[in-house]
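Nothing fancy with the numbering, it's 1 onward along the sequence.
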Amino acid sequence: MWADNETNEDLLGYQVHADLLKEVVLDSTMLPITIGIFGDWGSGKSSLMLLMKEGIDQWMKEEANKKEKVAQIQFNSWQFENYEDTKLTLIETVLTAIEKDLKKKQGVIKNGVDFLKKIKFLKFGVFFLKKIGQQVVPEELLKLLPTKEEWKKKLTDDDAKLLIEEVSKGNATKFIERFREDFEKIVVGADYRSVIVYIDDLDRCEPSRIIQCLEVVKLFVNVKRTAFVIGADERIIEHAIEERYNHKIEKKTISSPYSDYMEKLIQLPYRIPRLSYSEQETYITLLLCSKIEDEIQFKTIHQKFLDFRKKDKHSKYNLTSIRQDNKKLDFGEVEGLLPILPIMTKFLNGNPRQLKRFLNTFDMRMRMAKVAGFEGIKPEVLVKLMVLEYNSVLRENIDDLYSRQKSNGVVGDMADVEKLSKAGRLTSESWTTLWNKPEAMLWLAAPPSLANVNLQDYFWISREALKVETPVENKVSNIVRAAYIRLKKNQTVKAMKSALVGEIRNFTREEKDMMVMLLHQELAEDINSGVITRFLNADENCEMVSSLSLLKMLFEGIETSKLPATYAQFLKRMKGKADCKKYVEDMEKGTSLKNALK
């Protein structure tokens with residue numbers, strides 16, 4: 001199994017990105033700066049930020065840089081999402097980190113004690129703002145605040161008086177203005193080369209929390225020698241800004257609240273590219289080597305890969321390259337798994353997280369086969385069947401394939417169908433409805449051939465895993481899940497219709513299919529859920545349920561005879577689609593739904 005979290009073990013060739021960004025945040029001529037590391041769900045944003053941080057830690061250990069003062073501060077916005085005020089919590093985190101760093105170095109910093117006092121002053125101001133929320137302090141809250149004597153232990157009389165004046169109602173902004181000036185004096189006076197703040201998991205937060213974090217960045221954005229590094233899906237931030245300004249963003253316009261806000265806030269947008277086929281093959285091969293070879297051996301393999309990538313940024317680092325660089329190691333087990341690489345790279349989307357989760361499911365099924373005593377399970381056959389589950393366009397094809405097995409587990413006409421698919425003309429009448437589409441024919445034509453292969457054992461070890469080992473949560477990105485949660489709040493079809501257009505207008509086909517997965521999950525839990533029909537009736541242009549395969553995915557395992565009459569409008573629309581007409585006509589319906597359809 002492979003851990004599904006950020007890592008400093010670079011198997012993606014991201015070190016070059018980390019090194020570039022490291023140079024930027026250590027370059028005094030580039031500061032202050034805010035960098036946006038943008039990428040889709042599971043693309044490796046957190047790992048890139050971790051590589052960047054560790055690269056700077058290593059730089060500081062080098063003899064020539066030991067006297068340099070660099071502070072690196074990590075803030076996971078999602079972990080603090082439920083705090084009363086995320087904005088002030090982030091400011092407090094930055095201050096506490098600088099305070100801790102200065103205490104270590106105050107012996108070598110001129111006026112270090114004065115800087116610590118100034119930080120303490122600012123922290124008390126933040127504490128006070130948290131307590132009063134920039135409002136008049138009610139009598140009940142006054143009892144909870146520090147007494148004057150307690151304040152005096154921490155601050156001078158003048159400081160305490162000034163602080164209370166500045167954070168009282170009407171003067172809170174004055175304290176915020178002073179905060180920036182004082183913080184800059186601390187950073188410059190302590191001779192920091194750079195103060196770097198990493199904000200991660202921003203795209204997991206509620207829109208209001210996202211804006212709070214961005215407001216803090218705005219507060220620091222002109223403070224000398226500071227750098228903010230934000231990791232997020234750009235579309236999530238777009239939605240938060242859109243909601244804040246209550247203005248639908250038109251990307252065609254030259255200026256909008258989103259573009260103005262982002263251009264002022266993010267000086268350097270850095271987008272992580274999707275992995276190429278060769279990069280996917282390299283990544284999967286290294287993952288396989290990391291588990292089959294022992295830890296010490298893999299460190300050698302990994303270092304050879306890093307050395308190779310420094311010289312060659314384009315070529316794949318496959319098992320042939322690994323074997324040449326590590327001639328004494330035995331790669332027999334990895335070699336046996338090489339046939340799974342082409343099918344994975346061809347039918348999965350190149351997302352590092354999905355590739356890793358796919359391999360974890362594959363690993364569990366191979367273990368299950370061993371425990372169950374199944375001999376002769378071929379990894380490449382298992383993976384070919386598995387990609388049907390993970391590819392949203394082909395999801396329901398696996399059920400159809402299962403139903404085509406004969407008593408001996410063989411799909412009788414598979415050889416002919418594979419031959420026709422290779423020629424690009426699937427004329428077999430019984431296969432045309434579901435399989436006569438480019439992705440399905442590509443899958444049929446791809447090696448390994450399933451002709452004369454007994455699939456019974458393969459389906460047996462997958463039967464529970466279809467629902468247990470690969471839950472919907474593993475297949476749905478954060479941006480789709482967040483959009484789904486927001487849309488569910490709409491109580492009428494009219495409201496849903498307007499919101500739906502805005503939410504999915506920039507979705508890929510794959511992300512729209514993810515929405516159908518979530519709808520199916522909710523439908524399975526509550527067949528009378530009004531949320532589902534509001535979604536379906538609002539989707540007048542069939543943006544989500546756009547084909548027979550997705551219609552089948554929606555109703556997979558559902559007792560359609562129990563569907564309420566509210567599904568009539570949706571089913572009438574689907575019946576008007578040529579490929580869906582027969583399915584709608586043949587599906588079981590209850591009396592109320594039949595009457596509504598009439």
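Under the 4.5 Å side-chain criterion, counting only non-hydrogen atoms from C-beta, Leu518 is in contact with Val480. The shortest side-chain heavy-atom distance between Val411 and Leu450 does not fall under the 4.5 Å cut-off. In this structure, Lys304 and Ile322 have side chains that are not in contact, with every pair of non-hydrogen atoms separated by 4.5 Å or more. The closest side-chain heavy-atom distance from Pro448 to Lys378 is not below 4.5 Å. Between Leu382 and Phe362 there is a side-chain heavy-atom pair separated by less than 4.5 Å. Residues Leu401 and Leu385 meet the side-chain proximity criterion, which asks for heavy atoms closer than 4.5 Å. In this structure the side chain of Met515 never reaches within 4.5 angstrom of the side chain of Lys512, judged on heavy atoms. By the 4.5 Å heavy-atom criterion applied to side chains, Leu50 and Asp200 are not counted as neighbours.
Taking the six-membered ring where tryptophan is involved, the planes of His302 and Phe298 are essentially parallel, since the angle between them stays under 30° and well short of 60°. Between Phe459 and Tyr402, the ring planes are perpendicular. Angles over 60° get that label, and only those under 30° would be called parallel.
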Apply side chain to side chain contact (heavy atoms under 4.5 Å, CB included) to the pair Lys45 and Phe38, showing each step before the final yes or no. CA-CA 7 Å; Lys45 300 182 292 293; Phe38 297 136; 5.9 Å; no
task: Report the C-alpha separation of Tyr317 and Asp312 in whole Å, then their side-chain angles, then the decisive distance to 0.1 Å, and conclude whether the side chain to side chain contact (heavy atoms under 4.5 Å, CB included) test is met.
output: CA-CA 9 Å; Tyr317 191 70; Asp312 188 337; over 6 Å; no
Practice task
Could you give me the CA-CA distance, side-chain angles and deciding distance for Ile37 and Ile230, then say whether side chain to side chain contact (heavy atoms under 4.5 Å, CB included) is met?
Solution key: CA-CA 6 Å; Ile37 297 180; Ile230 300 172; over 6 Å; no
Q: Starting from the C-alpha separation in whole Å, work towards a yes-or-no answer on side-chain hydrogen bond (donor to acceptor under 3.5 Å, both in side chains) for Thr345 and Glu281.
A: CA-CA 7 Å; Thr345 57; Glu281 182 176 335; 5.9 Å; no
For Ile301 and Leu286: C-alpha separation, side-chain torsions, deciding distance, then whether side chain to side chain contact (heavy atoms under 4.5 Å, CB included) applies.
CA-CA 8 Å; Ile301 294 170; Leu286 289 170; 4.2 Å; yes
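Atom CG of Asn528 has more than 12 neighbouring heavy atoms from other residues, nucleotides or ligands inside a 6.0 Å radius. More than 12 non-hydrogen atoms from other residues, nucleotides or ligands lie less than 6.0 angstrom from CD of Glu525. Within a 6.0 Å sphere centred on CE of Met368, other residues, nucleotides and ligands contribute 12 heavy atoms or fewer.
To the nearest 0.5 Å, atom CE of residue Met514 and atom OG1 of residue Thr508 are 6.5 Å apart. For the atom pair CD1 of Ile504 and CD of Glu511, the computed distance is 10.5 Å after rounding to the nearest 0.5 Å. Rounding to the nearest 0.5 Å places CZ of Phe358 at 11.0 Å from CZ of Phe347. Distance check, rounded to the nearest 0.5 Å: OH of Tyr567 to OG1 of Thr533 gives 6.0 Å. Atom CG of residue Leu359 and atom CG of residue Leu348 lie 9.0 Å apart, to the nearest 0.5 angstrom. Rounding to the nearest 0.5 Å places CG of Leu551 at 13.0 Å from NZ of Lys575.
Contact between Ala499 and Asn490 at its shortest, heavy atoms only, is CB-ND2, 3.6 Å. Of all non-hydrogen atoms in Lys384 and Val387, the two that sit nearest each other are O-CG2, 3.1 Å. Across Cys542 and Met574, no two heavy atoms sit closer than the pair SG-SD, 4.2 Å. Shown here for Ser315 and Phe308, the closest heavy-atom pair between the two residues is O-CE2, 3.8 Å. The two residues Met544 and Leu550 make their nearest non-hydrogen contact at O-CD1, 3.3 Å. Considering every non-hydrogen atom in both Ala440 and Asn397, the closest pair reads CB-ND2, 4.0 Å.
Taking the six-membered ring for Trp and the full ring otherwise, the centers of Phe535 and Tyr484 sit less than 6.0 Å from each other.
Judged by distance alone, the side chain of Arg573 and the main-chain N or O of Leu536 form a donor-acceptor pair under 3.5 Å. Not one N or O on the side chain of Asn537 forms a donor-acceptor pair closer than 3.5 Å with the backbone of Val493. Between the Asn351 side chain and the Gln354 main chain, a donor and an acceptor come within less than 3.5 Å of each other. Between the Arg505 side chain and the Gly502 main chain, a donor and an acceptor come within less than 3.5 Å of each other.
Ion pair Asp307/Lys311 not flagged as a salt bridge, since none of the NZ, NE, NH1 or NH2 atoms sits closer than 4.0 Å to an Asp/Glu carboxylate oxygen. Ion pairing between Glu503 and Lys497 fails under the 4.0 Å rule for side-chain N and carboxylate O. Electrostatic pairing of Glu279 and Lys316 does not count as a salt bridge here, judged by no charged N lying under 4.0 Å from a carboxylate O.
Listed by first then second residue, pairs satisfying side-chain hydrogen bond (donor to acceptor under 3.5 Å, both in side chains) with a partner in residues 580-594 read Lys582-Asp586, not counting sequence neighbours. Screening residues 434-456 for salt bridge (Lys or Arg N to Asp or Glu O under 4.0 Å) gives Glu396-Lys437 as the qualifying pairs, with residues at least two apart or on separate chains.
Inspection of the Thr285 and Asn318 side chains reveals no N or O donor paired with an N or O acceptor under 3.5 Å. The closest side-chain donor-acceptor pair between Arg534 and Thr566, if any, does not fall under 3.5 angstrom.
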